[in-house]
Amino acid sequence: MSRLIVVSNRVNPPVDAGMGAVGGLAMALAAALREYSGVWFGWSGETTPSFSGQISMQKVGGVTVALMDLEEQDREEYYDGYANRTLWPLFHSRTDLAAYERSFDAGYERVNQRFAQTLAPLIGPGDVVWIHDYHLIPLGQALRRLGVTNRIGFFLHIPWPGPRTFTTLPEHRRLAESLLAYDLVGFQSQDSLIAFDDYVERELGLAMEDGAVAFEGRKVKVGVFPIGIEAAAFADLAGGEIAQATFERMRQSQAGRWMVIGVDRLDYSKGLEERFVAYEQMLADHPDLAERVFLLQIATPSRDAVQAYQEIRARLDAISGRINGAYATVDWVPIRYVNRAHRRDELAGLYRAAHVGLVTPLRDGMNLVAKEYVAAQDPLDPGVLVLSRYAGAAEQMDEALIVNPFSREEMSEALAQALAMPLAERRRRWRSLMDGVLADDVSAWRDRFVAALRGPVDRDLASDSRLLTAEEGDNRKTS
Ligand code: GDG
C-alpha cells in the first residue's frame with residue numbers, strides 16, 4: 001500500500017491536548033499524520049558516540065515514528081551550526097547574525113547523507129515522501145543519488161529570502177539546485193514564491209512557467225501552500241474545561257483591565273523587542289491607558305545553545321524591566337513577561353481572555369499563533385488581531401489590523417485602535433478571519449500538498465485550481 005512518509009529534523013508528536021511540543025512544525029505535522037497511514041522519520045534528538053543508522057520505531061500520540069540518533073559533532077555542525085546559525089538567520093533576512101563556516105556546511109551535507117542512507121531502505125514502491133524544512137533541503141537529491149525514484153516533495157516552513165540576501169550564502173547555488181531534485185516544492189506565501197522565482201531566473205538562468213521549473217529534462221512543480229491549524233479542534237479546546245478555568249483565573253487577575261497577549265518562541269525573528277518598545281510608546285502616547293491595560297508576553301525559551309538566543313533573552317529581560325520600572329504602580333505591572341511553556345489548553349484560555357492578540361514578527365514563514373488566537377475567541381465578544389505584514393499569515397488575514405513591526409509609532413496606533421474597536425466591527429472582522437482559518441486548516445493544507453505531489457508530474461499547473469501560481473497570486477492581490 002502506498003504510504004505517506006514524512007521526514008523532518010525532529011519528530012515530536014504531542015501526546016495529548018496538554019503540553020505537547022512547542023513549535024509550529026511539530027503541531028502541524030502531528031495533525032497531518034494522524035489522518036494518514038504513514039511514518040514520521042527523523043532525528044531522535046539524542047546523540048551516540050558513533051553513528052549506526054539504527055532505527056527505533058515507536059507509536060507516539062497515535063503516530064508511527066521512526067527515529068535515529070546522530071553524533072555530537074552532527075548536533076554541533078548540522079543543527080546548532082548550519083540550521084540554527086546559518087540558514088535560520090539568513091532566511092529571516094538577518095545576514096548580520098548568519099555564520100558562514102565551511103565546517104557547518106560539511107556537517108549539514110554529512111547529516112543529510114545520513115538521513116538518506118537510513119531512510120532509503122524504509123521507502124517502499126509507491127510510497128510518497130514529504131520532506132520538511134530548512135534542515136533537510138538537500139535530502140531529496142541525496143535520496144535520488146541512492147536510486148529512490150518515488151515522488152518526493154519538499155515544504156519550506158520559513159520564508160525564502162530575497163535573491164540579494166540568499167546569494168550571501170557561499171554555497172547558495174548548490175543549495176538551490178538541490179531543491180530541483182524534488183517533484184514538488186512548496187512555500188508558505190506568495191512573497192516566498194516570488195523571491196524564489198526571482199533567484200531561479202537571475203542566478204540559475206532558468207524560467208518558472210505555469211508553476212513549474214524545467215531542469216535537466218524534468219519538471220519541478222513549485223507552489224504556495226499556506227499552512228493552517230487544527231482550527232475546529234482548537235476552538236473546541238478554547239471552550240473546554242481547562243481553558244475555561246484558565247480564562248476565569250485570568251479575568252479575576254485582570255481586575256477589569258484590558259489584556260493584550262503575545263505568545264512566541266523566544267526568537268529574534270519574532271520582533272519581541274520592537275513589540276515591547278511599541279507598547280511603551282502607546283503608554284506614553286495614551287496616559288489615560290495607564291493602569292487600564294497590560295501586556296502578557298509568553299516567550300518560551302528555545303535554542304539556548306546558540307549565543308544570539310542568549311543575547312535576545314538578556315535584552316528582553318532588560319527592556320521589560322525598564323518599562324515596568326518606569327510605569328508600574330503598586331498594584332499594576334504593565335508587562336507580565338513569562339519565560340515558561342504552558343499547556344496548549346491553557347494557552348487557548350489565555351488567548352480567549354485577551355482583548356488583543358499581538359503578533360508582530362519581523363519575518364515569519366506563516367505564524368500559527370495568529371490563527372490560534374482567532375480560533376480561540378468567543379464569537380459573541382471576540383478580540384482583535386494585530387498582525388505584522390511580514391508574517392506569511394498576513395497574505396490570508398487581511399481583516400486583522402496589519403502593521404509594520406519596524407515602526408513603533410504605527411504599532412502603538414494600531415494597539416490603541418484595537419483597544420477602542422466597537423463590538424460590531426470586532427465581530428465583523430473576526431467572522432471573516434475565522435471563516436478563513438476554518439477553511440484553510442491544517443487538513444486542507446496537507447490534502448492539497450499531498451494531492452499535488454501524487455498528481456501527474458508533467459501536467460500544466462495553471463489548470464489546477466487548487467495550486468496558486470505566482471501569476472495567479474499577483475492577480476489575486478491586485479483584484
Ligand atoms: C515555524 C515557522 C510557521 C508557543 N509557546 C507555547 C506553545 N507554542 C506553540 C504555539 C504555536 C507554535 O508553538 C509556534 O508556531 P509559529 O508558527 O508561531 O512559529 P515557529 O515555531 O517559528 O514555526 C512559522 C510554522 O513553522 C509552521 O509552518 O508558521 O512561520 O517559523 O502552535 O501555540 N505551545 C505550548 N506551550 C507554549 O508555551 N503548548
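One-based numbering, in listed order, for ligands and for the atoms of each. Numbers for residues simply follow the sequence, beginning at 1.
- The side-chain heavy atoms of Y373 and V263, taken from C-beta on, include no pair separated by under 4.5 Å.
- Closest heavy-atom approach to atom 20 (P) of ligand 1 among the candidates H92, M366, K270, H157: K270.
- Ligand-side atoms of ligand 1 in range of Q188: 3 (C), 28 (O), range being under 4.0 angstrom from any heavy atom.
- The atoms of ligand 1 that sit less than 4.0 Å from any heavy atom of V263 are 4 (C), 5 (N).
- The side chain to side chain contact (heavy atoms under 4.5 Å, CB included) search around A231 returns I229, V437, L438, D441, not counting sequence neighbours.
- For R427 (side chain) and L380 (main-chain N/O), a donor-acceptor pair under 3.5 Å exists by modelled atom type.
- Nearest-residue assignment for atom 33 (O) of ligand 1 (options E372, H342, H132; heavy-atom criterion): E372.
- For ligand 1, the atoms sitting less than 4.0 Å from at least one non-hydrogen atom of I227 are 27 (C), 28 (O), numbered in the order shown with element in parentheses.
- The distance from ligand 1 to the heavy atoms of T300 drops below 4.0 Å at these ligand atoms: 5 (N), 6 (C), 37 (C), 38 (O).
- D364 pairs with exactly one of K270, R389, R265 by the salt bridge (Lys or Arg N to Asp or Glu O under 4.0 Å) rule, that one being K270.
- In this pair, W130 and F155 present their aromatic rings perpendicular. The plane angle is above 60°, beyond the 30 to 60° band.
- Distances from atom 22 (O) of ligand 1 to the heavy atoms of E346, E230, R344, R265 put R265 nearest.
- Residue contact check: A341 has heavy atoms under 4.0 Å from atoms 38 (O) of ligand 1.
- At a 4.0 Å cut-off, at least one heavy atom of W88 sits close enough to ligand 1 to count as contact.
- Listed by chain and number, the residues in a side chain to side chain donor-acceptor pair (under 3.5 Å) with Q310 amount to none (sequence neighbours excluded).
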